[in-house]
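Only one structure is covered here, and it is reproduced in the block below.
Because the structure is a prediction, the values reported are computed rather than measured. Note that ligands are numbered from 1 as they come in the structure, with each ligand's atoms numbered from 1 the same way.
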Amino acid sequence: MSGGAASSGGRIVAPYAARRETSRGRRYPEPVSEHRSEYQRDRDRVIHSNAFRRLVYKTQVFVNHEGDLYRTRVTHSMEVAQIARSIARALRLDEDLTEAISLAHDLGHTPFGHAGQDALNECMRDYGGFEHNLQSLRVVDEIEERYADFPGLNLTFEAREGILKHCSLTNARTLGELGQRFIERRQPGLEAQLANLADEIAYNNHDVDDGLRAGLIEVADLRDVRLFARHHDAVCAAYPELAPRRMVHEVIRRMINEVVLDVIDTSEERIARAGVASIDDVRAAGGGPLIALGAALQAEHLALKRFLGEHVYRHYRVLRMTTKSQRLVKELFEALFDDPRLLPDEYADNARAAEAEQGKAGRARAVADYIAGMTDRYALLEHRRLFDPGERT
Ligand code: MG
């Protein structure tokens, strides 16, 4: 291979992109495919997984049954993938790997969004805790059952590295090569850095839309946020008669566009300055992620995030739902942990086997896996089945 560029699935990627030549491979070696790149296969495996399909009925911020137009985990993940792919193409990164990580990043999320994960983490306090990022990795490494030859989806190291975006040091120490970067405070590849940032860009913008739709915030409140106000002014000046819905979408569209263009420019500059010539150079580069927003827009984006934290995620109507779902997750956990015989057969078997090996922590992990895999509506139904004598079991 010459000239510093390599072909990946028919496209030319930059030398600092993830490439087959520099890949750390899969946990279980497999023959290469004639028609698909390794990262394309990763992406395809994610799409066909059970956990991906379940994202349809998992909460992003608004519980699924509150309305059909709100983002769910699956539409959120697709928006992340869309934003990340656009940037990946501009930066000549591997688009398939970027998409694979984006679509997989939330596979380990519990029902009821962050409320569910916090509750499960509390339940698991004495048994190693629960981190949704680590759970996403567990889903692709262990939980999915789709292959005769190995557990999980057997994704490439680069995809797994991207999926595990945060990790406590205690857990990192148990993860071998994959955990090493948290201990050494090193960066993952650029595709992973990008999927991580695209996640933030996606939710900061779509939660404006969902927050407005839910009536938790109003355009007048959002005008306190500079990023929003700037684009709102521009749209109002250009289209004074525009109907409110279209106005909002036009503003959000412009916000995303500005942020995306800024990420492309800033990252190009940082990559050039760091002089990285391979994914391992990227991993070793100091001074924070190379995929980033410029300082000015970063500050505005952060202000938007803070606004959403205060006015959307901590709105009393959201908090009521948070409290209810945490209570429900805890009750599910306690009932099933106290008496694992109440678990469906397959999960009860898992719990028994895990307990024989690791004691109570094994039992707790099996129960947590069961609960984490639930969709919102399945969790609600399972709760009724366990607690309401009038419900069929
Ligand atoms: Mg996400």
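Under the ring-ring contact (aromatic ring centres under 6.0 Å, His included) criterion, F150 pairs with Y28, Y147, not counting sequence neighbours. Take F387 and apply the ring-ring contact (aromatic ring centres under 6.0 Å, His included) test, not counting sequence neighbours, and it matches H383. With sequence neighbours excluded, the residues forming a salt bridge (charged side-chain N to carboxylate O under 4.0 Å, His left out) with R254 are E250, listed by chain and number.
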Step-by-step side-chain contact (heavy atoms from CB on, under 4.5 Å) determination, E191 to L194: CA-CA 5 Å; E191 288 81 359; L194 173 52; 5.6 Å; no
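In this structure, R223 forms no cation-pi arrangement with F228, as its terminal cationic atom is not both closer than 6.0 Å to the ring centre and no more than 45° off the ring axis.
The salt bridge (charged side-chain N to carboxylate O under 4.0 Å, His left out) test with E38 is passed by exactly one of R26, R20, R19: R26.
Neighbouring protein atoms of the Mg ion (ligand 1) (N, O or S, distance under 2.8 Å, waters ignored): H76 NE2, H105 NE2, D106 OD2, D199 OD1.
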